[in-house]
There are 2 protein chains.
Amino acid sequence: MTSTASLHEFCARRGDVATPCRHCGAREFNICQALDAAQQDKLLALATRLQLGKRERLFAAGDPARHVYNLTEGAVSVSRSLADGRRQILGFLLPGDFLGLEPGESHHCDAETLTEAKVCRFERTTFETFLQDNPEVALRLLRIASSDLAQAARHELLLGRKTAVERIATFLLDLRDRSGARHLRTHPLALPMTRSEIADYTGLTIETVSRVLGRLRSGKVIELVGASAVRVLDDEELERLSGAS
Amino acid sequence: MTSTASLHEFCARRGDVATPCRHCGAREFNICQALDAAQQDKLLALATRLQLGKRERLFAAGDPARHVYNLTEGAVSVSRSLADGRRQILGFLLPGDFLGLEPGESHHCDAETLTEAKVCRFERTTFETFLQDNPEVALRLLRIASSDLAQAARHELLLGRKTAVERIATFLLDLRDRSGARHLRTHPLALPMTRSEIADYTGLTIETVSRVLGRLRSGKVIELVGASAVRVLDDEELERLSGAS
DNA sequence: CGGTGGATTGAGGTAGATCAACATGCGTGG
DNA sequence: CCACGCATGTTGATCTACCTCAATCCACCG
């Protein structure tokens, strides 16, 4: 199940620093973009490649934070739960996304695959040494972290102040924008997560998620393609309904 | 109103890297802690000291992100709003806290003082150059950012899944823990923010905040000392009510 | 095909919002 | 030092968006 990553498996190498990773797909803040070919080689030598099944756990809250990860294929949910089981999903990760960075010694949240997935895993200590030797990567990671913070801010606004319709509309638009580069507008947008996971992301219940999607459907704003894909029919209306901040 | 910071105004210098900043008070992730005396001097030479009044705006969402800040005195709220005025407060900053780091060219949120405050302000470009020359500071900032992300995760859980009582209890405990080093247990805990700001932080209304505080008071869990201070009478009960994750 | 786990739909309940009246305390000026 | 006036905060009555509980429905997979 684990093997050392080959060059192409982790990240295409080019002289041009801004070139997106060929394996991960284009990601604005992909960590590789700070690296030249020689540095990519060094980093790749440190990675362990993992193939994960559906609903497989990468780590749980409280686990010692021994590794950091870069998702290369599939989708992952990051969540945090209360003792009685109430769960808040913090975000859905897509290929190119980085996860597992912790300020302390243990993970503060759970990470679990939604689909089959591939990740590059690094020993935390090894990765930190690499960061010390390659400060530009640390700076890029800092940009990734502040980008994540900005996204967390948008999510807090959604959870604290938006209505059910606004939450679902925002969720759909976010998802579309993030997977947008890989899909044509006319293609249906894949929903790799269940209604329960959408509910836990939006702070609603599955019934409300279902009802809101139903309302959007009968209002001709979206079309449901099976239960796990959506086609956006009316961009502007969806935008309007999202309560754009 | 602005002047170059003196050494003590920004940060006490010591050979010991782990020594907390004497001016800011002890903060686990204070940026100064990564610096030796010579580096502190260099950083201080770059800082502009600002004295701010009550309810003064540091920056608003959309403003070009030209500066970063380090709060040295007072309290600041960071928030994000919808077009119709609904506001979500993302956090309250206390002395030692760093703010203003952005992934893009403009601020994604608003920052406003709650009280009179003092900040050290840095030109963003100057600060970024400093980071490039002092990678250990970039690494410390990365720890600060991941600490902020972990706090954002707790806040998302609060906003998405906690009841009104749990939200207020969590808020009070957080505030106490963060200002704890500076207050004895028996001293009342200052609430520098209004009910409206507590409401916008917890995703509730001012009426609900007032009612929940009232209920905690009549349950002998807290004591209200005027409207803007609280004494925690029953730690364990408050902890229990917070729905500790 | 038939079973099973997700998704949908419906009926009714409730936590917290909203609307409204009143209290309090604090800064200001007399 | 006190009286006034406005901000902020509290309390009460009602409303409603969303939750809860419950009954199907449906799609996928053996």
Side-chain angles (χ1 to χ4, degrees), chain A residues 53-55 77 82 84-89 114-115 158-172 188 190-219 222-230 241 243, chain B residues 53-55 77 82 84-88 114-116 158-172 188 190-219 222-230 241 243:
Chain A
K54 229 175 168 164
R55 312 281 152 193
S77 77
L82 294 171
D84 63 8
R86 278 174 289 171
R87 176 176 68 157
Q88 179 62 49
I89 291 184
L114 297 177
T115 60
L158 177 149
L159 293 171
R161 290 302 184 211
K162 287 194 177 182
T163 65
V165 171
E166 287 168 342
R167 292 177 199 212
I168 296 297
T170 305
F171 162 71
L172 289 175
L191 301 177
M193 62 293 287
T194 64
R195 295 291 183 271
S196 166
E197 285 154 344
I198 298 175
D200 284 347
Y201 178 76
T202 53
L204 302 168
T205 59
I206 48 175
E207 294 93 333
T208 300
V209 170
S210 186
R211 275 186 254 270
V212 169
L213 286 174
R215 261 204 281 162
L216 292 176
R217 179 170 44 73
S218 49
I222 63 172
E223 178 184 344
L224 292 173
V225 184
S228 49
V230 166
L241 290 173
Chain B
K54 226 175 172 164
R55 313 280 150 193
S77 76
L82 295 172
D84 63 7
R86 279 174 288 169
R87 177 176 65 158
Q88 179 60 50
L114 298 176
T115 61
E116 293 195 341
L158 177 149
L159 293 170
R161 289 303 183 212
K162 289 193 177 182
T163 65
V165 171
E166 288 169 342
R167 291 177 199 213
I168 296 297
T170 305
F171 162 71
L172 289 174
L191 301 177
M193 63 292 289
T194 64
R195 293 293 183 272
S196 166
E197 284 155 345
I198 299 176
D200 283 348
Y201 178 76
T202 52
L204 302 168
T205 60
I206 48 176
E207 293 94 332
T208 301
V209 170
S210 186
R211 275 186 255 269
V212 169
L213 287 173
R215 263 203 280 162
L216 292 176
R217 178 171 45 73
S218 48
I222 63 172
E223 179 183 344
L224 292 173
V225 185
S228 50
V230 165
L241 290 172

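Below, chain A is the first sequence line, B the second, and so on; all start at residue 1.
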For D:dA7, glycosidic torsion class - syn if within 90° of 0, otherwise anti: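 What D:dA7 shows is a syn base, its glycosidic angle lying within 90° of 0.
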
Rounded to the nearest angstrom, tell me the gap between atom [atom1] in [X] and atom [atom2] in [N].
| X | N | atom1 | atom2 | answer |
| --- | --- | --- | --- | --- |
| B:Glu207 | C:dG16 | CD | P | 14 Å |
| A:Leu216 | C:dT8 | CG | P | 12 Å |
| B:Lys54 | D:dA7 | NZ | P | 15 Å |
| A:Leu159 | C:dG16 | CG | C1' | 17 Å |
| A:Leu224 | D:dA27 | CG | P | 12 Å |
| A:Arg211 | C:dG10 | CZ | P | 9 Å |
| B:Ile168 | D:dT10 | CD1 | P | 11 Å |
| B:Ile206 | C:dA20 | CD1 | P | 14 Å |

To the nearest 10 degrees, what angle separates the axes at the start and end of the helix from C:dC1-D:dG30 to C:dA23-D:dT8, five pairs each?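 Taking five pairs per end, the axes differ by 40°.
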
Can you check whether [X] reaches [Y] side chain to side chain, under 4.5 Å on heavy atoms?
| X | Y | answer |
| --- | --- | --- |
| A:Ile168 | A:Leu241 | no |
| B:Lys162 | B:Thr202 | no |
| B:Leu204 | B:Val212 | no |
| B:Val230 | B:Val225 | no |

All N/O contacts under 3.5 Å from nucleotides 16-18 of chain D to the protein, with atom names and distances to one decimal?
{"from": "D:dC18", "atom 1": "OP1", "to": "A:Ala164", "atom 2": "N", "distance (Å)": "2.9"}

Examine distances only and state if a side-chain atom of B:Gln88 and a backbone atom of B:Asp200 form a donor-acceptor pair shorter than 3.5 Å.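 Side chain of B:Gln88 to backbone of B:Asp200: a pair is present.
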
Who passes salt bridge (charged side-chain N to carboxylate O under 4.0 Å, His left out) against B:Arg55, sequence neighbours left out?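 Checked B:Arg55 against salt bridge (charged side-chain N to carboxylate O under 4.0 Å, His left out); matches are B:Glu197.
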
Mind checking what makes side chain to side chain contact (heavy atoms under 4.5 Å, CB included) contact with B:Ser210, not counting sequence neighbours?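 Partners of B:Ser210 under the side chain to side chain contact (heavy atoms under 4.5 Å, CB included) test: none.
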
Euclidean distance, A:Leu114 CG relative to A:Ile89 CD1, rounded to 0.5 Å: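 Interatomic distance, A:Ile89 CD1 to A:Leu114 CG, rounded to 0.5 Å: 7.0 Å.
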
Heavy-atom pair with the smallest gap, counting every atom of B:Ala164 and B:Thr208: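 Shortest heavy-atom contact: CB-CG2, 3.9 Å.
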
Which residues satisfy the ring-ring contact (aromatic ring centres under 6.0 Å, His included) test with B:Phe171, sequence neighbours excluded?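 Once residues adjacent in sequence are excluded, the partners of B:Phe171 under the ring-ring contact (aromatic ring centres under 6.0 Å, His included) criterion are B:Tyr201.
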
A:Arg87, CZ: over 12 other non-hydrogen atoms inside 6.0 angstrom: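 More than 12 heavy atoms, drawn from other residues, nucleotides or ligands, come within 6.0 Å of this atom.
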
Contact list for DNA chain D against residues 194-201 of chain A - heavy-atom distance below 4.0 Å: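 Those residues whose heavy atoms fall under 4.0 Å from DNA chain D, taken from residues 194-201 of chain A, amount to none.
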
